Amino acid sequence: MALLTPEDLENINKQLQEADSTVRRVTGLDIKGICKDFYGTTPCCEKVGIVPVTSGNGIIGSFSESLNAIAGYFGFDSFITDMPDVSGYYEAVKNGARIILMADDNTFLAHNLKNGKIANNQPCTGIIYAEIASRYLKADSKEVLAVGLGKVGFPGAAHLVQKGFKVYGYDADRTLLEKSVSSLGIIPFNPVSPEGDRQRKFSIIFEATPCADTIPESVISENCVISTPGIPCAISKELQKKCGVELVMEPLGIGTASMLYSVL
Ligand code: NAD
Ligand code: 2YG
Ligand code: MG
C-alpha cells in the first residue's frame, strides 16, 4: 500500500482549511457539519491520545503531529504520547485518553475506550468522501462515477448505492470490479476507454486510487465535483481549472474526522 509522506502532510492546517471551504461551497455544510449530520454526534472535548507506531516502515515524520492538529481543529482535546508502541498506549490510557488514534502500515484506527466503538480509516474515508460527493448542490442527476473500488473505494461506492445513486464504476483490477458489480449492482464503466456509445459525463465523481490522471476530460460535465481521497490526485491542476471542477481532496484530515465522529 502507498504510505503517506511528510511532503503530503506539509501545511496540514492550510490544506484542511482549504478543503473545508471547498466542502462548504459544494455541500452548504463544512466538514464538521457533514460529520455531525451523518453520524449524529458532536465532540465534547474528548481526550484523544495519539500513539506513534514504529513497526514496519516506522514513524512517518509529522504523521502524529498532523493528527494532533486535525483532532484540535475538530474540537477534540488531543495529545501525542512521548513513548511509541505499547509503552505509548499505556501512557495514553494512564494520562486519561478516551479515544486512541494509532496506525501501522496496514491499519489506522480510532478506538473509543469508553463506549468500545472502533473505526478503521479506510471505510471511514471512503464513506465520508462519498457522502460529501452525494451532497453536491449543483448535481444534475443521481448518477455517480466511482473509480477505484479497493479498501477505500468499495465502502464509498457501497454508501452511494445505499443512498439511492445509480453508480457507474471502474477498477483496473477485474476481480474487484466484478465483486462490485455482483455485490453492489455497480454498472461497469471505464472512464478512459468507454465501450461504443457509452460515452457519458458525470457531475459527481468519487475517486479512490493511488494513481494520477484517472479521470479524463471526456467524463467531466459542466458542473462537476470530484471527491477524492486518492493520492496522487485524480486530475491535473490544468484540467481541473479548464473544466472548473470542484475538487475535494485532502491527505488525512477528512478521513480522520470521519473516524473520530464515528466512534463518539
Ligand atoms: P487499494 O489498493 O485497496 O485500492 C485502490 C484501487 O485502485 C485498487 O483496487 C486498484 O486496482 C485501483 N486502481 C489503480 N489504478 C486505477 C485506475 N487507473 N483506474 C481504476 N482503478 C485503479 O487502496 P486504498 O486503501 O483503497 O487507498 C486508495 C487511495 O486512497 C490510496 O492512494 C491511499 O493512499 C488513499 N487514502 C487516502 C486517505 C485520505 O484521507 N486522503 C485515506 C486512506 C487512503
Ligand atoms: O505512527 C506512525 O507515524 C506510523 N506508524 C504511521 C503509519 C501510517 C501508514 N498509513 C498510511 O500512510 C495511509 N495509507 C493511511 C493513512 C490515511 C490517510 N491517507
Ligand atoms: Mg482525508
Side-chain angles (χ1 to χ4, degrees), residues 1-9 12 15-16 19-20 23 31 34-35 50-68 70 73-74 80-81 83-85 88-89 100-110 119-132 145-157 168-180 188-193 205-216 219 227-235 247-260:
M1 83 144 54
L3 300 179
L4 281 170
T5 66
E7 292 70 47
D8 293 327
L9 299 173
I12 193 70
Q15 294 196 58
L16 200 46
D20 223 357
V23 170
I31 300 163
I34 303 258
C35 289
I50 297 158
V51 183
V53 173
T54 63
S55 71
N57 285 287
I59 287 175
I60 295 175
S62 74
F63 183 75
S64 292
E65 291 74 14
S66 299
L67 292 182
N68 201 26
I70 290 161
Y73 184 91
F74 289 105
I80 305 170
T81 58
M83 298 295 290
D85 306 327
Y89 186 96
I100 302 289
L101 274 184
M102 61 199 296
D104 68 9
D105 294 347
N106 297 308
T107 303
F108 171 21
L109 65 79
N120 180 309
N121 175 258
Q122 289 154 341
C124 284
T125 299
I127 288 168
I128 205 70
Y129 276 82
E131 177 67 21
I132 291 166
L145 173 63
V147 178
L149 301 164
K151 295 180 287 293
V152 173
F154 183 87
Y168 291 80
Y170 183 68
D171 195 291
D173 179 331
R174 179 184 274 273
T175 313
L176 282 183
L177 178 59
E178 280 167 6
K179 179 186 157 212
S180 296
F189 181 87
N190 181 345
V192 177
S193 54
I205 298 175
F206 165 63
E207 197 265 9
T209 82
C211 299
D213 304 323
T214 53
I215 308 298
V219 298
S227 185
T228 174
I231 303 167
C233 189
I235 177 174
L247 183 68
V248 179
M249 185 209 176
E250 183 280 336
L252 187 61
I254 298 178
T256 304
S258 178
M259 296 164 72
L260 288 170

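Every number for a ligand or one of its atoms is a count from 1 in the order of the listing. Because the structure is a prediction, the values reported are computed rather than measured. All values below come from the heavy atoms of this structure, side chains included, with hydrogens, waters and symmetry mates left out.
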With [X] via side-chain contact (heavy atoms from CB on, under 4.5 Å) - residues at least two apart:
X	result
D20	R24, D30, I31, Y73
N57	L3, D105
I80	I50, P52, S64, E65, N68

Sub-3.5 Å N/O-N/O distance, I60 and ligand 2: yes
Under 3.5 Å: N/O of L252 near N/O of ligand 2: no
Student check: side-chain heavy atoms of L177 and Y170 closer than 4.5 Å: yes
Return the residue, atom name and 0.1 Å-rounded distance of the protein heavy atom closest to [atom].
atom	value
atom 19 (N) of ligand 2	P251 O, 3.0 Å
atom 17 (C) of ligand 2	N121 OD1, 3.1 Å
atom 9 (C) of ligand 2	D104 O, 3.4 Å
atom 12 (O) of ligand 2	L4 N, 2.8 Å

Show me the short polar-atom pairs for ligand 1: any N or O of it lying under 3.5 Å from a protein N or O, with distances only.
residue  : atom   : partner : partner atom : Å
ligand 1 : 3 (O)  : K151    : N            : 3.0
ligand 1 : 3 (O)  : K151    : NZ           : 2.8
ligand 1 : 9 (O)  : D171    : OD1          : 3.2
ligand 1 : 9 (O)  : D171    : OD2          : 2.8
ligand 1 : 11 (O) : D171    : OD1          : 2.6
ligand 1 : 21 (N) : A172    : N            : 3.2
ligand 1 : 26 (O) : K151    : N            : 3.2
ligand 1 : 26 (O) : V152    : N            : 2.8
ligand 1 : 32 (O) : I231    : N            : 3.2
ligand 1 : 32 (O) : I231    : O            : 3.1
ligand 1 : 40 (O) : P251    : O            : 3.3
ligand 1 : 41 (N) : P229    : O            : 3.1
ligand 1 : 41 (N) : E250    : O            : 2.9
ligand 1 : 41 (N) : P251    : O            : 3.3

Reported CD-to-CG distance for the pair E250 and D8, which is rounded to 0.5 angstrom: 10.5 Å
Pairwise distance CG(L252) to CG(N121) - rounded to 0.5 angstrom: 7.0 Å
Quick one: closest heavy-atom pair of [X] and [Y], and the distance?
X	Y	result
L247	C233	CD2-SG, 3.7 Å
G88	T81	O-CG2, 3.2 Å
G253	I70	CA-CD1, 3.5 Å
P229	F206	CD-CE1, 4.2 Å

Proximal atoms of ligand 2 relative to V53 (non-hydrogen, under 4.0 Å): 1 (O), 2 (C), 4 (C), 5 (N)
Close-contact set for ligand 2 against P52 heavy atoms, below 4.0 Å: 1 (O)
Heavy atom of A2, distance to ligand 2 below 4.0 Å: yes
Proximity flag G58 to ligand 2, non-hydrogen atoms under 4.0 Å: yes
Side-chain donor or acceptor of S227 paired with backbone N/O of Y129 under 3.5 Å: yes
